[in-house]
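Below is one structure, written out as structure tokens; comments come after it.
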Amino acid sequence: MSLGAEQRAYLAQHREEAQQRLLSWFERHARDLPWRRDRTPYRVWVAEVMLQQTQVDTVRDYYLHFVQRFPTLDSLAEASLEEVLKLWEGLGYYSRARALHRAARQVVRHHNGELPNTPQGLRALPGIGAYTAGAIASIAFGIPTPAVDGNVRRVMARTLAEPDPTPPALEEAVRQWIPPAAPGAFTEALMELGATICSPRAPRCLLCPWHDLCRARDLGEPEAFPVTKPRKAIPHYDVTAAVTLRWPSSESAPEVLVAQRPLDAMLGGLWEFPGGKREDGETLPDALRRELMEEMGVAINVGEQLTVVQHAYTHFRITLYAFLCTLESGEPTCLACQAFQWARLAQIHALPMAVTDRRIAGALEVWLESRSDL
DNA sequence: AACACGGGGTT
DNA sequence: AACCCAGTGTT
């Protein structure tokens with residue numbers, strides 16, 4: 001469960017050396033990242049939430065746009081969820097954006113607009129777990145508290161040659177090595193080491209400031225730590241989407257039916273072209289007509305296929321078939337969605353959408369342009 | 001403890 | 001194609 005006596009002694013014996021070498025390495029190799037320059041607690045918070053399950057290079061531009069539009073916690077709390085989701089579009093794990101927005105309003109309402117400055121206070125906010133609470137506390141507030149993410153877990157598992165370290169053991173190990181004078185720099189350095197040197201498959205041990213402190217390397221197989229569990233096979237689904245068009249007048253641009261997904265669902269709060277999974281034995285048009293009846297209470301005519309989109313989620317893969325459709329009968333109502341609207345292309349661009357539906361919107365734009373040439 | 005939750009990068 | 005993430009919340 002927790003650290004063994006022998007591991008505890010090993011950590012105590014090499015503490016000063018490990019601290020000094022890691023901090024000195026970090027000073028030389030730290031990347032020039034925007035969130036390292038403006039470290040208000042609010043901005044550290046935004047950066048750390050964006051970095052959950054997401055790589056630095058992906059986050060950088062999102063972070064800059066986000067803090068430009070929402071420079072303060074108050075400005076974020078005052079914004080609409082839709083605008084926050086729009087800035088999050090393409091970043092994934094959208095519950096992070098919903099929780100961040102909810103937490104900002106909570107801080108304004110219950111904490112006088114000031115982010116809590118203790119790990120426990122931070123941990124109580126939505127979207128802040130053990131890792132993020134530790135990261136904000138150490139980086140923004142200088143509190144010597146561990147922040148264990150996947151990188152830190154890997155680094156410490158290798159340092160101690162521990163195949164499957166538990167969270168309490170990891171936190172205790174990191175806590176022993178945090179220098180009281182520089183907890184934030186140490187936290188960042190540990191994560192940066194894992195991200196750039198102590199990589200999962202082929203660690204670059206020759207460049208590592210801890211190479212001669214690493215017990216896994218001593219055993220000759222650093223990449224064998226920590227052990228990984230076998231993955232479950234991921235299923236594949238055929239999914240349909242209806243691009244349902246109507247022309248308010250013969251002269252005007254067409255409008256297309258879009259629906260907002262329920263807030264507690266996957267991709268919650270994002271807009272989509274309605275549709276859904278094809279069941280066994282069902283044709284794609286059959287599936288589409290059934291889904292539109294179930295979700296929106298309308299019968300549709302299914303026309304030509306507009307585009308096909310392949311996409312892989314964490315737990316399944318899909319092939320998404322988008323069809324041009326028209327309304328046959330019924331008025332749309334939200335039977336299984338948050339809201340719906342008939343939107344023109346310009347409005348579609350402004351809606352928060354997942355990557356798959358954004359691709360469909362792109363195909364629609366191309367189709368409409370080719371059609372206007374006729 | 002197991003699972004759901006996006007998307008992009010690396011090998 | 002398989003594997004990896006700068007994790008959190010729910011069950």
Side-chain angles (χ1 to χ4, degrees), chain A residues 1 26 30-31 33-36 44-63 85 88-100 102-103 122-136 138-139 146-156 164 166-167 170-171 174 184 186-204 223 226-236 261-270 272 309-318 320 352-359:
Chain A
M1 183 56 74
F26 185 58
R31 282 181 274 182
L33 300 170
W35 47 84
R36 245 179 229 139
V44 171
W45 177 28
V46 170
E48 290 304 330
V49 171
M50 284 191 171
L51 287 163
Q52 289 166 7
Q53 298 292 106
T54 312
Q55 315 242 136
V56 164
D57 292 338
T58 305
V59 165
R60 183 184 283 100
D61 288 347
Y62 280 94
Y63 171 82
L85 285 173
W88 212 271
E89 181 181 299
L91 199 52
Y93 284 107
Y94 298 93
S95 67
R96 293 184 296 173
R98 299 195 301 272
L100 182 67
R102 195 162 71 248
L122 291 162
R123 184 70 180 76
L125 292 170
I128 297 184
Y131 160 73
T132 307
I136 299 173
S138 61
I139 295 168
V148 180
D149 68 353
N151 285 320
V152 175
R153 177 167 190 272
R154 188 170 58 253
V155 170
M156 294 312 293
D164 190 19
T166 64
L170 287 164
E171 289 181 9
V174 172
F186 190 79
T187 294
E188 287 188 280
L190 209 41
M191 295 191 281
E192 187 71 8
L193 184 67
T196 61
I197 303 289
C198 197
S199 55
R201 311 280 200 89
R204 298 131 82 141
E223 66 278 3
V227 296
T228 57
K229 292 179 184 172
R231 307 245 156 187
K232 282 175 57 179
I234 57 176
H236 175 275
R261 298 175 58 87
L263 291 178
D264 59 351
M266 178 178 170
L267 305 171
L270 300 185
E272 67 174 0
V309 176
Q310 299 282 351
H311 194 70
Y313 295 98
T314 308
H315 294 287
F316 58 96
R317 296 173 196 283
I318 63 167
L320 177 58
M353 280 190 157
V355 163
T356 48
D357 287 274
R358 186 56 67 198
R359 296 232 175 96

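All heavy atoms count here, side chains included; hydrogens, waters and symmetry mates do not. So you know, we letter chains A, B, ... as the sequences are listed, proteins then strands, and number each from 1.
To the nearest angstrom, C1' of dC5(B) lies 11 Å from CZ of R261(A). The CD atom of Q55(A) sits 13 Å away from the C1' atom of dG6(B) (whole-angstrom rounding). Distance W45(A) CH2 to dG7(C) P: 18 Å, rounded to the nearest Å. Going from atom NE2 of H315(A) over to atom C1' of dG7(B) covers 13 Å, rounded to whole Å. E192(A) has its CD atom 14 Å from the C1' atom of dC5(C), to the nearest Å. For the pair R317(A) CZ and dG6(B) P, the interatomic distance rounds to 17 Å; values are reported in whole Å. Protein atom CZ of R96(A) is 12 Å distant from nucleotide atom C1' of dG8(B), rounded to whole Å. When the C1' atom of dG7(B) is taken as reference, atom CG of D357(A) falls 14 Å away, rounded to whole Å.
Among dA6(C), dT8(C), dG6(B), the nucleotide with an atom closest to any side-chain atom of W35(A) is dA6(C). Relative to the side chain of L267(A), the nucleotides dA6(C), dG8(B), dG6(B) differ in distance, and dG6(B) lies closest. Of the candidate nucleotides dG6(B), dA6(C), dG8(B), dA6(C) has the atom lying nearest to any side-chain atom of R36(A). Distance from the side chain of L51(A) is smallest to dA6(C) among dC5(C), dA6(C), dA2(B). Closest to the M266(A) side chain, of the nucleotides dC5(B), dG7(B), dG7(C), is dC5(B).
Counting non-hydrogen atoms under 4.0 angstrom, R154(A) reaches the backbone sugars and phosphates but no base. Within 4.0 Å of Y93(A), counting heavy atoms only, lies at least one base atom of the nucleic acid. No contact: A135(A) has no heavy atom under 4.0 Å from any strand. The residue V355(A) sits close only to the backbone: its heavy atoms come under 4.0 Å of sugar-phosphate atoms, none of a base. As judged by a 4.0 angstrom heavy-atom cut-off over every strand, G194(A) is placed among residues making no nucleic acid contact.
Between the side chains of R96(A) and T54(A), at least one donor-acceptor pair of N or O atoms lies under 3.5 Å.
For A354(A) and A202(A), each mapped to the nucleotide of DNA chain B holding its nearest heavy atom, the one lying further toward the 5' end belongs to A354(A). Comparing P126(A) and E48(A) along DNA chain C, the residue whose closest nucleotide (by nearest heavy atom) sits nearer the 5' end is E48(A). Between P200(A) and L125(A), the residue anchored closer to the 5' end of DNA chain C is P200(A), taking for each the nucleotide with the nearest heavy atom.
With hydrogens and angles left out, the side chain of T54(A) and the base of dG6(B) share a donor-acceptor pair within 3.5 Å. Residue Y131(A) places no side-chain atom within donor-acceptor reach of the base of dG7(C), judged by atom type and a 3.5 Å distance cut-off alone. Taking 3.5 Å as the limit, the base of dG6(B) and the side chain of T314(A) contain a donor-acceptor pair of atoms between them.
Regarding contacts with the backbone of dG9(C), a side-chain N or O of R123(A) is found under 4.0 angstrom from either OP1 or OP2. Note on T132(A): a side-chain N or O is less than 4.0 Å away from OP1 or OP2 of dT8(C). Note on R153(A): every side-chain N or O is 4.0 Å or more away from OP1 and OP2 of dC5(C). Between Q53(A) and the phosphate of dG7(C), there is a side-chain N or O to OP1/OP2 separation shorter than 4.0 Å. Contact check, K229(A) against dA2(B): a side-chain N or O comes under 4.0 Å of OP1 or OP2.
Between Y313(A) and H311(A), the ring planes lie perpendicular to each other; the angle is over 60°, past the 30° to 60° tilted range.
The number of heavy atoms from other shown groups lying within 6.0 Å of CZ (R204(A)) does not exceed 12.
Taking all atoms of both residues into account, the shortest heavy-atom contact from Y93(A) to W88(A) is O-NE1, 3.9 Å. In terms of heavy-atom proximity, L51(A) sits nearest to V59(A) at CD2-CG2, 3.7 Å.
Taken from CG in L270(A) to CD in E89(A), the straight-line distance is 7.5 Å, to the nearest 0.5 Å. With rounding to the nearest 0.5 Å, the separation of NE2 in H236(A) from CZ in R317(A) is 9.0 Å.
Only the P atoms considered, dT11(B) is 13 Å distant from dA6(C), to the nearest whole Å. Comparing the P positions of dT11(C) and dG6(B) gives a spacing of 16 Å, expressed to the nearest Å.
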